[in-house]
Asks: 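One structure coming up, written as structure tokens, with questions to follow.
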Amino acid sequence: MVPLIVAVLLLFLYPLIYAIYISFTNMNIFHFYRFQYVGLYQYKAMVKYGYLGTLTINTIIWTLGSLIPMMLVGLALALILNQRDLRGKSVFYALLILPWAFPGFISLLVWWGMWDYPYGFMNRYLLPTFHLPPINALTSVPDAWAELIVTNLWLSFPYYMVVFYSALQSIPPELYELAEVDGAGALARFSRITMPSLYKTFSFVFITSFVFTWNNFYPIYLLTGGGPGISTETFIVYAYQQAFSYNNYAFAAAISIVSTAVTMALGYLVMKYTGVLEGIT
Amino acid sequence: MARRAKYLALKAVRLAISYAVLIIMAAWSVLPIYYIIVTSFTNVETLVSVSISDLMPKHITFEAYRELLSGKFLPTIKYPDFPIWVAHSLELAAATAALSVILAMLAGYALSRLEAPAKKSLATFIYLITFLPITATAVPLYLLFARLHLLNYLGLVLAYTPGTAVFAAFLAKLSIDAIPPDYEEAAMIDGLSRFQAFLRIVMRMALPIVALTALLGFMGAYMDFALAYAFVGARSNLWTAMIGLYYLGGFINPAAAPAYNIFAAGSVLMGIPLMALFLVSQRMMTRAYSGLAGIK
């Protein structure tokens with residue numbers, strides 16, 4: 001118990017408090033050892049130069065833009081796999097979870113090469129095959145978002161497929177048989193049995209994945225680096241770059257604190273509405 | 001009869017659509033992995049020279065793997081770089097795994113057996129912590145460790161461990177709950193100390209959770225890039241496997257990076273074993289959860 005508390009205090013709580021403290025100073029590469037208290041300067045700068053607005057909008061685009069397609073694709077595939085008269089389920093299942101199983105960091109390095117403009121595999125072969133326009137994430141903001149969201153869909157849909165599939169499998173088949181005897185059509189069975197049974201899984205997955213995607217660092221850092229300009233920067237990526245590429249430690253800390261406050265509020269909501277801790281304590 | 005024909009027609013349409021969707025999605029899932037595996041067996045020098053005919057190679061060459069394992073890419077390392085990077089990552093991952101197991105099992109034991117005050121609020125607090133974005137801790141930890149001269153592997157291990165241990169402590173607590181305390185009490189009557197009883201009885205009976213914790217700690221450390229790059233990125237003699245791949249992929253300096261097929265070979269050599277470990281850990285996690293669900 002004691003070692004865990006010490007580790008938690010030292011490596012989570014202390015950094016958090018230290019981050020709050022730094023965010024009220026002017027610590028950067030020029031003031032690394034001799035920094036001073038500057039009050040709300042960093043937070044005011046964030047608002048004044050428009051970073052807060054841009055980062056908030058980008059982070060919401062990134063989170064919802066990734067989450068909605070991922071959940072819909074995952075649900076659709078789970079429903080398809082759940083059909084009793086479908087053959088070769090295990091083969092498809094094994095192939096479809098590959099993107100989740102392959103290390104995400106390495107997949108992203110590979111995707112970066114595939115999205116390269118104009119020489120990457122996507123722009124030279126795959127997109128022209130389907131008569132789609134090329135994607136140039138270096139200059140076009142919509143292209144950059146498309147690249148990020150499509151890649152994130154590839155990385156994450158298997159997780160949603162697996163979760164929803166196991167939720168579907170746990171619905172007792174007798175329910176469907178009884179409904180069929182009572183004359184319920186396919187649509188009625190779906191809306192009266194399938195959807196209500198999935199509701200709890202759906203809401204739990206949505207909230208936890210919302211926080212996960214909000215904090216998801218690697219896709220944006222590796223694929224666009226937040227570009228063009230700062231138009232695909234999210235809180236976490238921008239904070240990392242400000243700290244470790246530009247040594248603006250105080251500004252990075254202020255951005256982290258804003259983002260942390262949002263995720264903590266979401267975390268609290270998860271606990272309150274899902275009772276995830278009930279089984280643990 | 002007409003109704004039956006209509007039913008069969010609908011069924012055929014439904015299954016046709018299902019198979020079409022599954023085949024397209026499966027092809028898309030496999031594509032990047034297939035692409036990088038095939039590229040690793042070709043002579044492709046750069047992204048520009050990857051062509052569609054390379055996806056069905058006529059000649060397979062192991063040249064990229066030979067260069068990957070014997071090539072010297074950086075002036076700061078005297079030996080072939082890639083094996084050194086892997087060795088560094090293995091060191092970090094093994095140390096993190098060991099420390100995570102010790103911390104998680106001790107904490108899990110305390111949470112399960114000892115009467116601790118404010119257990120519930122501690123659990124709530126620890127759970128909330130898992131929502132922290134990495135930069136919220138990475139930036140201050142970097143600044144703190146810079147002052148303590150810990151921007152090295154020791155610092156990295158210290159930074160990685162709690163992430164796994166916090167999560168694993170709860171799994172450990174649940175699985176220790178399932179071990180009857182009588183076993184340890186009997187052992188303690190026979191003359192073992194509490195710590196010996198913990199080692200010989202609790203650790204052994206909770207072995208699946210010990211293995212899972214070790215695996216999660218290992219993979220978390222092995223696959224990290226963000227913290228390692230922040231801590232030791234500037235010192236290329238300390239690079240890990242993931243920083244090495246980042247460099248081989250052309251992220252640091254595309255013009256000076258080695259040939260693209262070498263990056264592909266590195267991705268395959270790192271990706272396939274890590275994928276296997278991931279699948280193992282998933283299976284263990286499912287088993288742990290279903291085992292615990294029975295207890296509650």
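By convention in this document, chain letters (A, B, ...) are assigned in the order of the sequence lines, proteins followed by strands, and residues within each chain are numbered from 1.
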Asks: Among D85(A), L16(A), I255(A), single out the residue with the greatest number of heavy-atom pairs under 4.5 Å to chain B.
Replies: D85(A)
Asks: What part of Y21(A) gets within 4.5 angstrom of chain B, counting heavy atoms only: side chain, backbone, both, or neither?
Replies: neither
Asks: I'd like to check L126(A) versus L31(B) (side-chain heavy atoms, cut-off strictly below 4.5 Å). Are they in contact?
Replies: yes
Asks: Measure W214(A) against the heavy atoms of chain B and call it side chain, backbone, both or neither at under 4.5 Å.
Replies: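 For W214(A), neither part sits under 4.5 Å from chain B.
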Asks: Could you tell me which non-hydrogen atom of I97(A) sits nearest to which non-hydrogen atom of P158(A), and how far apart they are?
Replies: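 Nearest pair, atom of I97(A) first, then P158(A): CA-CB, 3.8 Å.
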Asks: Is there a side-chain contact between M122(A) and E147(A) in this structure, where contact means two heavy atoms from C-beta onward sitting under 4.5 Å apart?
Replies: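 Counting from C-beta outward, M122(A) and E147(A) never come under 4.5 Å.
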Asks: Passes ring pair (Phe, Tyr, Trp, His ring centres under 6.0 Å), F263(B) versus Y260(B)? Steps please.
Replies: CA-CA 5 Å; F263(B) 161 72; Y260(B) 198 70; 5.3 Å; yes
Asks: Select one option (side chain, backbone, both, neither) describing which atoms of R124(A) are under 4.5 Å from chain B's heavy atoms.
Replies: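 R124(A) touches chain B through side-chain heavy atoms alone.
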Asks: Heavy-atom distance under 4.5 Å to chain B: side chain of L79(A), backbone, both or neither?
Replies: neither
Asks: Looking only at heavy atoms and a cut-off of under 4.5 Å, which of Y119(A), Y125(A), Y18(A) has the most pairs with chain B?
Replies: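 Option with the greatest count: Y125(A).
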Asks: Say you draw a straight line from CG of N247(A) to OH of Y142(B); how long is it, rounded to the nearest 0.5 Å?
Replies: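 Separation between the atoms: 6.5 Å.
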Asks: Do F217(A) and Y240(A) pass the ring pair (Phe, Tyr, Trp, His ring centres under 6.0 Å) test, and can you show the C-alpha distance, the side-chain angles, and the key distance before you say yes or no?
Replies: CA-CA 9 Å; F217(A) 171 75; Y240(A) 186 90; 4.6 Å; yes
Asks: With only heavy atoms counted, which part of N216(A) is less than 4.5 Å from chain B, the side chain, the backbone, both or neither?
Replies: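 Neither; nothing under 4.5 Å.
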Asks: Could you tell me which portion of A243(A) (side chain, backbone, both or neither) has an atom closer than 4.5 angstrom to a non-hydrogen atom of chain B?
Replies: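 Side chain only.
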Asks: Once you round to the nearest 0.5 Å, how far does CZ of F251(A) lie from OG of S23(A)?
Replies: 11.5 Å
Asks: For V73(A), is it the side chain, the backbone, both or neither that has a heavy atom under 4.5 Å from a heavy atom of chain B?
Replies: side chain
Asks: What part of W154(A) lies closer than 4.5 angstrom to a heavy atom of chain B: side chain, backbone, both or neither?
Replies: both
Asks: Out of A276(B), P32(B), A264(B), A27(B), which one racks up the most heavy-atom pairs below 4.5 Å with chain A?
Replies: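 Counting heavy-atom pairs under 4.5 Å, the top option is P32(B).
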Asks: Does any backbone or side-chain atom of L279(B) lie under 4.5 Å from a heavy atom of chain A? Answer side chain, backbone, both or neither.
Replies: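 Side chain only.
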Asks: Measure distances from L77(A) to the heavy atoms of chain B and classify the residue's part below 4.5 Å as side chain, backbone, both or neither.
Replies: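 It is the side chain, since no backbone atom gets that close.
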Asks: Looking at chain A, which one of I36(B), V30(B), I33(B) has the largest number of heavy-atom pairs inside 4.5 Å, strictly under?
Replies: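 It is I33(B).
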Asks: Do Y246(B) and M242(B) touch side chain to side chain, with heavy atoms closer than 4.5 Å?
Replies: no
Asks: What part of L81(A) gets within 4.5 angstrom of chain B, counting heavy atoms only: side chain, backbone, both, or neither?
Replies: side chain
Asks: So do the side chains of Y19(B) and L15(B) get within less than 4.5 Å of each other, counting heavy atoms only?
Replies: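 Result yes, sub-4.5 Å side-chain heavy-atom pair found.
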Asks: How long is the span from the CH2 atom in W28(B) to the CG atom in L95(A), to the nearest 0.5 Å?
Replies: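 CG of L95(A) is found 14.5 Å from CH2 of W28(B).
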Asks: What part of L109(A) is in contact with chain B, defined as an atom under 4.5 angstrom from a non-hydrogen atom: side chain, backbone, both or neither?
Replies: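 Both backbone and side chain of L109(A) come within 4.5 Å of chain B.
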Asks: Is it the side chain or the backbone of V258(A) that comes within 4.5 Å of chain B heavy atoms, both, or neither?
Replies: neither
Asks: So which part of F102(A) gets closer than 4.5 Å to some heavy atom of chain B, the side chain, the backbone, both or neither?
Replies: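 Both parts, backbone and side chain.
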Asks: Checking F212(A) against chain B: side chain, backbone, both or neither under 4.5 Å from a heavy atom?
Replies: neither
Asks: Quick one: does M70(A)'s side chain get under 4.5 Å of L155(A)'s, heavy atoms only?
Replies: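 Of all side-chain heavy-atom pairs linking L155(A) with M70(A), none is under 4.5 Å.
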